[in-house]
Amino acid sequence: MDSVGLQALTSPVVLFFVLGLLAALAKSDLEIPEAFAKAMSLYLMAAIGLKGGIEVAESGLDATVLAALAAGITAGFIMPLYAFWLLKGFGKLDRINAGAVAAHYGSISVVTFVTAVEIFEIQGNPPQGYMVAVMATMESPAILAGLLLARGGGSGGGQSTKELLHEVLFNASVVLLLGAFAIGWIAGPSGFADVEPFFGAMFKGVLCLFLLDMGLIAARRMMDSRSLTWRLVAIAIGLPLVNGAIGTALGVVIGLDTGSAAVLGVLCASASYIAVPAAMRLALPEADPGIYLTMSLSITFPFNVLINIGLIGAFAAMLTGGGAAVP
Amino acid sequence: MDSVGLQALTSPVVLFFVLGLLAALAKSDLEIPEAFAKAMSLYLMAAIGLKGGIEVAESGLDATVLAALAAGITAGFIMPLYAFWLLKGFGKLDRINAGAVAAHYGSISVVTFVTAVEIFEIQGNPPQGYMVAVMATMESPAILAGLLLARGGGSGGGQSTKELLHEVLFNASVVLLLGAFAIGWIAGPSGFADVEPFFGAMFKGVLCLFLLDMGLIAARRMMDSRSLTWRLVAIAIGLPLVNGAIGTALGVVIGLDTGSAAVLGVLCASASYIAVPAAMRLALPEADPGIYLTMSLSITFPFNVLINIGLIGAFAAMLTGGGAAVP
Amino acid sequence: MDSVGLQALTSPVVLFFVLGLLAALAKSDLEIPEAFAKAMSLYLMAAIGLKGGIEVAESGLDATVLAALAAGITAGFIMPLYAFWLLKGFGKLDRINAGAVAAHYGSISVVTFVTAVEIFEIQGNPPQGYMVAVMATMESPAILAGLLLARGGGSGGGQSTKELLHEVLFNASVVLLLGAFAIGWIAGPSGFADVEPFFGAMFKGVLCLFLLDMGLIAARRMMDSRSLTWRLVAIAIGLPLVNGAIGTALGVVIGLDTGSAAVLGVLCASASYIAVPAAMRLALPEADPGIYLTMSLSITFPFNVLINIGLIGAFAAMLTGGGAAVP
Amino acid sequence: MIETVIRKRIEVLVDQAQTKRVTAAIDEVGITGWTVLPVSSGKGRDGRWREERVMGTDKNLVVTIASQENAQQLAESLAPILTSHGLLLTMWDVEVIRGERF
Amino acid sequence: MIETVIRKRIEVLVDQAQTKRVTAAIDEVGITGWTVLPVSSGKGRDGRWREERVMGTDKNLVVTIASQENAQQLAESLAPILTSHGLLLTMWDVEVIRGERF
Amino acid sequence: MIETVIRKRIEVLVDQAQTKRVTAAIDEVGITGWTVLPVSSGKGRDGRWREERVMGTDKNLVVTIASQENAQQLAESLAPILTSHGLLLTMWDVEVIRGERF
Ligand SMILES: Nc1ncnc2c1ncn2[C@@H]1O[C@H](COP(=O)(O)O)[C@@H](O)[C@H]1O
Ligand SMILES: Nc1ncnc2c1ncn2[C@@H]1O[C@H](COP(=O)(O)O)[C@@H](O)[C@H]1O
Ligand SMILES: Nc1ncnc2c1ncn2[C@@H]1O[C@H](COP(=O)(O)O)[C@@H](O)[C@H]1O
Ligand code: NA
Ligand code: NA
Ligand code: NA
């Protein structure tokens with residue numbers, strides 16, 4: 001790995017995640033209070049939404065943005081389809097669990113996104129601000145797709161279509177991300193100045209503590225797991241590789257810059273572990289979190305943070321010919 | 001509304017409050033952990049107390065300050081009287097609930113105060129630092145007055161006068177506000193420098209998240225409410241209008257500058273929803289929080305933040321002839 | 001007390017602690033949510049570990065550092081021995097409680113350390129960054145020593161030696177302090193820049209709120225206490241005096257600068273109230289927290305913060321001839 | 001001596017996300033109220049869960065006091081989804097004062 | 001086989017601000033101890049409450065184990081304020097080990 | 001009408017640091033599951049505790065539903081450490097649906 005890649009892995013953000021993993025593997029009793037971890041996740045979503053909105057207020061919207069939004073939404077609907085087929089066939093899951101897992105992999109992980117942005121910035125390829133909007137709109141389509149697949153077009157486990165759509169459109173993550181995005185857009189850079197110390201300067205430090213917690217939780221869940229098979233582990237690593245490559249290529253095709261194309265790849269590669277588990281618990285209670293949460297949080301998330309983001313960044317640089325600027 | 005008024009309404013602080021209201025009205029499941037919300041409220045009180053103390057350490061005290069303190073305390077005793085009369089008569093509440101609501105409207109809301117200071121600063125009319133001390137001393141008198149009214153001079157629901165006075169003087173909000181004020185005064189600007197990034201720079205960002213939560217809670221409580229009548233809604237809007245005008249005029253009469261007079265108006269207009277509900281729960285458990293909390297938090301608070309602060313600012317500018325400095 | 005000493009006592013950090021003590025003594029209901037207090041304690045440990053690691057990354061390690069580490073570990077094993085003897089004899093505690101208390105006094109308090117660093121910096125005698133590593137390594141030895149003393153070499157209350165060693169080496173405080181220290185060391189000053197606003201600039205402000213909470217808890221526990229005798233109170237004040245003097249002298253002997261020697265004294269003088277109580281609860285459940293927590297948290301901690309740190313600083317300055325630089 | 005009457009206490013352990021469904025069932029049956037307690041971790045046939053508040057897959061304990069008939073009705077209305085929704089329901093007799101309220 | 005004895009378990013749902021009053025009543029009756037559990041939301045005749053920690057109008061659940069006589073005495077001492085202070089009291093028989101402690 | 005069966009509900013109040021020991025005992029006896037509830041403060045013969053999360057000396061309430069035999073076995077396995085480890089154990093009969101699960 002070159003020095004830039006190494007520099008990314010030695011950023012405090014990644015190191016705190018590794019510390020969490022190691023502490024849990026060593027069975028330390030280190031634990032972040034849940035209320036505070038939840039608050040940090042809300043803070044991160046509000047901050048990332050705000051910043052995206054402000055960048056869009058500065059740069060404006062153009063055709064590339066619309067193309068990126070369309071690409072993201074389309075990917076969100078299509079990825080669950082082949083994931084479902086793979087999970088049922090190769091993964092040997094039943095329809096309900098296959099649908100639930102497919103929804104996770106079609107949707108996105110905000111924290112993976114943020115970590116990738118950190119790393120790509122260190123590598124000299126910062127993505128565009130509107131990618132936050134792309135991320136926010138990619139949260140929901142896969143939830144819909146996954147639920148339809150799980151229910152096989154049937155009437156569904158007691159939840160009306162109206163309730164379902166409500167959850168898809170107004171779940172906490174979507175509301176906070178898009179709401180903060182809108183606030184950033186309206187308030188603009190001048191309005192942001194006052195809140196910058198909190199939502200801007202503090203951001204990476206909070207991300208460190210949050211990733212410490214996610215490392216702890218991911219490794220503990222891994223160790224407690226009873227439902228993981230090697231087939232599911234293979235999917236939890238293979239899918240992000242494939243989705244990451246497809247997403248990056250798609251980004252390059254529609255004309256995104258290196259950093260933004262790589263981020264589209266990361267969004268496709270990432271699996272949700274905040275918005276979608278909550279939605280599944282509501283709409284598909286029969287599905288087993290021991291499968292979907294362990295795959296997305298305990299395998300795919302560390303794999304993405306520690307390895308796949310680096311691969312995707314390199315792939316994007318290769319495709320666009322724009323190598324990482326070595327500082 | 002002129003451009004300055006618009007600018008105030010598009011500050012992130014106000015926009016996050018609106019986001020909270022809208023999210024709750026859309027029945028989103030967005031929720032801030034209670035422990036974190038409580039921590040934010042303590043942080044805000046400590047920070048505002050500190051800053052007030054430091055400003056007083058810099059500017060010193062004079063006769064105007066004493067006049068402002070006296071005006072605030074007097075208003076705190078008198079406002080509950082006509083509020084009580086109005087609530088019993090026009091509002092058709094019984095003695096106990098009328099007394100409890102009167103205590104809320106006679107006391108003050110720290111967050112309304114802070115939001116007003118934000119807005120008046122944007123408008124170029126920053127109030128004096130000693131208004132924090134005025135605010136802190138205005139918390140308690142109305143609690144006493146309201147309880148006396150509720151009990152009709154009777155012996156009271158099981159609580160001794162000693163317990164009562166203790167609660168009025170040592171309730172958490174009063175202790176934290178005045179304690180931090182004293183610390184700011186003692187430590188002075190040089191001592192403050194070290195803690196400025198936390199208590200100063202971060203302040204507006206935390207206020208955003210806190211107002212997001214207050215928006216969520218206020219709107220949910222509104223939707224759940226069973227006890228609100230149109231008469232009570234009318235009082236919850238009318239009283240802040242009247243009290244705001246009286247308070248502002250009073251401020252001008254005793255010689256306060258535009259910003260400080262407006263803030264005195266806002267203090268009179270605001271209704272407590274942190275210190276007083278807790279005190280009523282202790283001293284007047286028979287009173288219904290479905291009435292006092294819904295009126296102060298779900299009606300008066302949004303009305304003040306979104307409309308009344310703007311009106312009061314304009315009224316103060318009119319009275320003092322000092323128009324808002326358009327930036 | 002000279003003006004520098006006074007300046008230390010009027011720093012917001014100390015004043016918030018005093019406010020907590022006074023509020024609890026006045027029986028105010030002021031209370032910091034436990035989840036938030038716990039989060040603050042984790043934040044403080046992560047931040048102090050990080051900063052220590054970064055300073056070591058800058059300054060490197062030399063023989064003095066090794067001497068300081070050796071001195072700290074040795075003190076951690078030896079201090080519990082005479083503390084145990086004193087607690088059983090003069091203090092009239094049984095073997096189990098004497099061992100538990102001895103473990104507390106042999107170990108260290110992170111917050112006392114941090115407060116001392118604040119104060120010595122104000123006094124112009126900043127300690128070296130590696131003292132964080134000394135602190136971290138001093139957490140565990142006394143736990144081992146205290147448990148062996150409590151069990152009298154016997155097999156112990158149901159806990160295997162393996163479990164015990166695991167707890168001693170991987171308890172939450174040790175893992176977080178040393179983990180963050182390692183991260184700081186690896187990431188170095190350039191990696192730290194990004195997270196400085198969170199882990200650096202905010203530090204003293206968070207410390208203020210945390211000390212407010214510790215003041216509240218210490219005074220409440222004092223007032224609730226049933227098990228304290230005057231003998232135990234005398235030990236809780238006498239031991240820190242003696243240990244502080246010994247530790248400071250030891251630091252001077254091994255060649256530490258004024259600030260670092262004073263900090264070694266403070267570490268010896270301080271009694272743990274975060275790491276060790278948790279460890280005792282696990283390994284020695286028969287011991288009474290009403291004794292060990294009340295002594296360390298309610299007596300020794302305030303005594304150290306308000307008086308003993310000042311004495312130790314003066315003693316170190318005397319021994320090294322390096323008086324506090326009056327700013 | 002104070003007079004107490006016997007009522008049923010029903011406790012339902014339920015996913016955070018499904019809590020509304022249980023409280024709605026309580027409301028529908030006509031029981032006067034309910035109270036929700038937080039839960040921090042657990043283990044069942046589906047394995048262990050803990051620290052899941054961020055993911056929204058944590059649980060709550062819903063407690064309600066009801067007359068025998070209302071309790072029976074509630075149990076029947078929840079029975080069909082007990083297994084699919086992973087609910088855990090226990091009930092027992094308790095003494096209450098002011099029995100007319102339940 | 002282990003020996004158990006029957007004691008009363010009393011649970012009182014009470015406003016945060018009134019909790020001290022209930023625990024003081026427990027102490028006065030001479031019961032050896034009590035334990036407080038947090039409560040997150042609820043619904044009663046006065047409507048629904050939730051997310052009220054900031055406002056200090058949230059509730060607690062106070063649990064205490066007592067002998068039959070002490071339990072009866074506690075119920076009687078709390079009865080007069082049950083309605084005015086919005087308390088919810090339930091009690092039932094439980095088996096405990098080391099019965100002499102309660 | 002829905003069919004219920006009688007099972008034992010056991011609740012153990014235990015130090016945060018000792019919680020694993022209690023849940024391990026439950027697992028060993030072969031009970032299918034358990035649930036942990038947070039506890040915020042309390043008072044016993046050793047005095048009062050509160051706000052002790054930072055110090056790690058706070059407590060939890062472990063709840064488990066079991067058959068009579070398993071419950072009895074659990075009580076016996078915990079009895080020796082009840083006093084030394086400061087546990088508080090209560091148990092009583094409850095009705096459950098789907099009794100085969102416990
Ligand atoms: N039947 C019930 N079962 C459980 N909790 C109840 C019940 N009725 C009331 N509560 C709780 O007691 C609180 C006050 O009830 P109320 O006095 O009826 O408004 C409610 O907010 C609930 O938390
Ligand atoms: N009679 C009781 N009822 C309910 N909880 C109790 C009782 N006695 C003790 N406790 C709880 O058990 C803890 C330890 O009690 P002890 O071992 O007596 O100090 C106390 O702090 C309380 O939380
Ligand atoms: N026997 C039991 N006693 C108490 N709680 C249980 C029991 N079995 C299951 N639970 C709780 O119910 C949840 C779901 O259980 P299950 O549906 O068996 O996976 C578990 O995670 C526990 O929190
Ligand atoms: Na994806
Ligand atoms: Na007012
Ligand atoms: Na020590």
Side-chain angles (χ1 to χ4, degrees), chain D residues 1-41 53 56 58-68 70-71 74 90-102, chain E residues 6-16 22 25 29 35-53 57-64 66 68-95:
Chain D
M1 191 154 147
I2 205 156
E3 204 191 336
T4 64
V5 297
I6 303 295
R7 291 288 177 269
K8 265 291 185 250
R9 176 161 169 150
I10 307 154
E11 297 200 0
V12 186
L13 183 75
V14 56
D15 285 339
Q16 176 68 49
Q18 298 286 343
T19 305
K20 250 188 237 166
R21 183 176 268 249
V22 171
T23 57
I26 295 172
D27 291 345
E28 258 162 51
V29 165
I31 299 173
T32 49
W34 40 264
T35 302
V36 180
L37 276 75
V39 165
S40 45
S41 67
R53 182 135 177 222
D58 53 335
K59 289 176 187 280
N60 279 326
L61 188 69
V62 181
V63 177
T64 187
I65 316 294
S67 66
Q68 305 288 332
N70 281 344
L74 177 63
T90 58
M91 54 187 188
W92 66 94
D93 287 337
V94 297
E95 297 170 58
V96 301
I97 311 177
R98 305 180 300 160
E100 69 288 355
R101 294 169 59 116
F102 301 101
Chain E
I6 303 296
R7 291 289 177 270
K8 263 299 183 247
R9 176 162 170 151
I10 306 153
E11 297 200 359
V12 186
L13 183 75
V14 55
D15 285 340
Q16 177 67 49
V22 172
V29 166
T35 303
V36 179
L37 277 73
V39 165
S40 45
S41 66
K43 200 189 122 187
R45 291 151 315 134
D46 276 357
R48 180 153 187 200
W49 64 272
R50 56 177 164 184
E51 303 178 282
E52 305 209 345
R53 183 135 176 221
T57 50
D58 53 334
K59 288 175 187 279
N60 279 326
L61 188 68
V62 180
V63 177
T64 187
Q68 304 289 332
E69 312 87 82
N70 281 343
Q72 189 62 34
Q73 245 180 293
L74 177 63
E76 268 166 51
S77 103
L78 290 178
I81 62 163
L82 281 187
T83 302
S84 63
H85 290 58
L87 307 186
L88 184 76
L89 183 152
T90 57
M91 54 187 187
W92 65 95
D93 287 337
V94 297
E95 298 170 57

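It should be emphasised that the depicted structure is a prediction, and the values quoted were computed from it without experimental measurement. To find a chain, count down the sequence lines: A is the first, B the second, and so on, and within it residues start at 1. Both backbone and side-chain heavy atoms feed into the values below; hydrogens, waters and symmetry mates do not.
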Q: Rounded to the nearest 0.5 Å, what separates atom NZ in E:Lys43 from atom OG1 in D:Thr32?
A: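 Between E:Lys43 NZ and D:Thr32 OG1, I get 9.0 Å after rounding to 0.5 Å.
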
Q: What residues of residues 44-52 of chain E sit under 4.5 Å from chain D when only non-hydrogen atoms are counted?
A: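 If one takes a 4.5 Å heavy-atom cut-off, the residues of residues 44-52 of chain E near chain D are E:Gly44, E:Arg45, E:Arg48.
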
Q: Nearest 0.5 Å, what's the CG-CD1 distance between E:Leu82 and D:Ile2?
A: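 If we round to the nearest 0.5 Å, E:Leu82:CG and D:Ile2:CD1 are 6.5 Å apart.
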
Q: By the definition side chain to side chain contact (heavy atoms under 4.5 Å, CB included), identify the one residue from D:Ile65, D:Val96, D:Val63 that meets it with E:Leu88.
A: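 Running side chain to side chain contact (heavy atoms under 4.5 Å, CB included) over D:Ile65, D:Val96, D:Val63 with E:Leu88 returns exactly one hit, D:Ile65.
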
Q: Can you name the closest pair of heavy atoms from E:Pro38 and D:Pro38 and give their distance?
A: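 Closest heavy-atom pair between E:Pro38 and D:Pro38: O-CD, 3.4 Å.
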
Q: Can you tell me how far apart CD (E:Glu76) and CD1 (D:Ile97) are? Round to the nearest 0.5 Å.
A: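 Rounded to the nearest 0.5 Å, the CD-CD1 separation comes to 8.5 Å.
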
Q: Chain D heavy atoms under 4.5 Å from E:Leu61: which part of the residue, side chain, backbone, both or neither?
A: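 Interface part for E:Leu61: side chain.
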
Q: Using atom types as modelled and distance alone, determine if a side-chain donor or acceptor of D:Thr35 lies under 3.5 Å from a backbone N or O of E:Gly42.
A: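 Pair absent, no side-chain N/O of D:Thr35 close to backbone of E:Gly42.
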
Q: Does any heavy atom of chain D fall under 4.5 Å from the side chain of E:Leu37, the backbone, both, or neither of them?
A: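 The side chain, not the backbone.
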
Q: Quick check on E:Leu13 against chain D: is it the side chain, the backbone, both or neither that has a heavy atom closer than 4.5 Å?
A: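 Side chain only.
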
Q: Heavy-atom pairs under 4.5 Å with chain E are the metric here; pick the option from D:Thr4, D:Ile6, D:Asp27 that has the most.
A: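 Of the options given, most contacts go to D:Asp27.
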
Q: Can you tell me which residue pairs pass the salt bridge (Lys or Arg N to Asp or Glu O under 4.0 Å) test with a partner in residues 92-102 of chain D, sequence neighbours excluded?
A: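 Salt bridge (Lys or Arg N to Asp or Glu O under 4.0 Å) check on residues 92-102 of chain D returns D:Lys8-D:Asp93, D:Glu95-E:Lys8.
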
